[in-house]
Amino acid sequence: LINVGLSDRANEKLDDLKERGIFADKIDGYRFGVSLALAHGAIGEDLVDRKNLFNVGSLDPDQLIKTAVEALHAEMLEKTTVYRLVERLADWGVNELHAQAVSGEIDFDAILTQTTAG
């Protein structure tokens with residue numbers, strides 16, 4: 001796998017997050033979505049209407065995302081690849097971030113506090 005993506009719907013939401021100025025680049029929002037999902041122990045569904053977005057080498061040049069997913073979800077890697085799982089994590093995280101953005105404002109302090117407290 002050399003490219004990762006999102007569902008069409010989550011991609012639209014990631015575009016909106018960028019337009020709102022929450023993330024300077026879509027790739028940053030994608031990475032944050034993965035991190036948020038990992039921190040919450042959440043995994044999205046298999047992607048429907050998948051859209052390619054980023055080259056794996058650009059998204060994860062030092063393979064930190066890959067290493068984290070392998071460490072936290074080794075049992076799931078018997079049925080899927082690391083970066084297919086990354087896509088599901090990103091999709092969940094982007095949807096969650098967008099829901100917070102449209103309901104008011106994303107409270108990054110609260111997110112960081114929640115993730116470090118667990």
Side-chain angles (χ1 to χ4, degrees):
L1 182 67
I2 52 175
N3 292 306
V4 292
L6 288 172
S7 64
D8 282 339
R9 185 111 171 100
N11 185 47
E12 291 171 8
K13 291 176 181 180
L14 186 56
D15 284 335
D16 187 54
L17 290 169
K18 183 179 182 294
E19 288 171 18
R20 290 171 182 256
I22 294 170
F23 296 105
D25 297 303
K26 286 177 66 172
I27 200 164
D28 294 333
Y30 193 99
R31 287 181 186 122
F32 196 90
V34 171
S35 300
L36 184 63
L38 286 172
H40 282 269
I43 299 171
E45 301 296 320
D46 286 331
L47 301 189
V48 178
D49 300 324
R50 182 183 168 280
K51 177 175 177 54
N52 274 338
L53 291 179
F54 308 110
N55 178 283
V56 168
S58 298
L59 176 74
D60 194 19
D62 50 14
Q63 297 193 333
L64 289 176
I65 294 172
K66 179 183 179 194
T67 301
V69 171
E70 287 173 337
L72 295 170
H73 294 294
E75 76 286 350
M76 295 192 70
L77 298 177
E78 295 172 10
K79 298 177 184 170
T80 190
T81 67
V82 171
Y83 288 107
R84 285 285 180 242
L85 188 51
V86 165
E87 290 178 325
R88 292 171 57 189
L89 294 164
D91 211 72
W92 184 92
V94 166
N95 282 305
E96 178 65 22
L97 288 166
H98 191 263
Q100 290 182 28
V102 297
S103 70
E105 188 174 315
I106 298 173
D107 187 346
F108 285 101
D109 287 338
I111 290 172
L112 293 173
T113 300
Q114 289 170 356
T115 57
T116 57

> Roughly how far, to the nearest 0.5 Å, is CG of L85 from CD of E70?
Replying inline: 10.5 Å
> Do you know which two heavy atoms are closest between A101 and I22, and how far apart they sit?
Replying inline: CB-CD1, 3.8 Å
>> Using 0.5 Å steps for rounding, measure from the CG atom of D46 to the OG atom of S7.
In response: 11.5 Å
> Which of these, L97, L38, I43, L36, sits in a side-chain contact (heavy atoms from CB on, under 4.5 Å) with W92?
Replying inline: L36
> Measuring from I2:CD1 to N55:CG, what's the distance to the nearest 0.5 Å?
Replying inline: 6.5 Å
>> Just so I know, are the side chains of L6 and K51 near enough to count as touching, which here means a heavy-atom distance under 4.5 Å?
In response: no
> Of the non-hydrogen atoms in A37 and G93, which two are nearest, and what is the gap between them?
Replying inline: CB-N, 4.4 Å
> Counting N and O atoms only, with roles assigned by atom type, does the side chain of T80 sit under 3.5 Å from a partner on the main chain of L77, one being a donor and the other an acceptor?
Replying inline: no
> Is the side chain of N95 donor-acceptor paired with the backbone N or O of A99 at a distance under 3.5 Å, no angle test?
Replying inline: no
>> Quick check: is L47 connected to V94 through a chain of hydrophobic side chains (ILVMFWY, heavy atoms under 4.5 Å apart)?
In response: no
>> I'd like to know if the side chain of D25 reaches the main chain of I27, judged simply by a donor and an acceptor atom lying under 3.5 Å from each other, with no hydrogens or angles considered.
In response: no
> For E87, does its backbone N or O pair with a side-chain atom of D91 as donor and acceptor, under 3.5 Å?
Replying inline: no
>> If I take atom CG from residue N11 and atom CG from residue D49, how far apart are they, to the nearest 0.5 angstrom?
In response: 11.5 Å
>> Any side-chain to backbone donor/acceptor pair from D60 onto I65? Under 3.5 Å, distance only.
In response: yes
> Just by modelled atom types, is the G5 backbone N or O under 3.5 Å from a matching donor or acceptor in the Y30 side chain?
Replying inline: yes
> What do you reckon, is CD of E75 surrounded by more than 12 foreign heavy atoms closer than 6.0 Å?
Replying inline: yes
>> I'd like to know if V102 and L17 are part of one continuous hydrophobic network [Ile/Leu/Val/Met/Phe/Trp/Tyr, side-chain heavy atoms within less than 4.5 Å].
In response: no
>> Measuring from atom CG of D15 to atom NZ of K26, what distance do you get when rounded to the nearest 0.5 angstrom?
In response: 3.5 Å
> Picking from K13, K18, R20, what satisfies salt bridge (Lys or Arg N to Asp or Glu O under 4.0 Å) with D16?
Replying inline: R20
> Please, which pairs that meet salt bridge (charged side-chain N to carboxylate O under 4.0 Å, His left out) have at least one residue in residues 31-42, sequence neighbours excluded?
Replying inline: D28-R31
> R84 pairs by side-chain contact (heavy atoms from CB on, under 4.5 Å) with which of R50, K79, M76?
Replying inline: R50
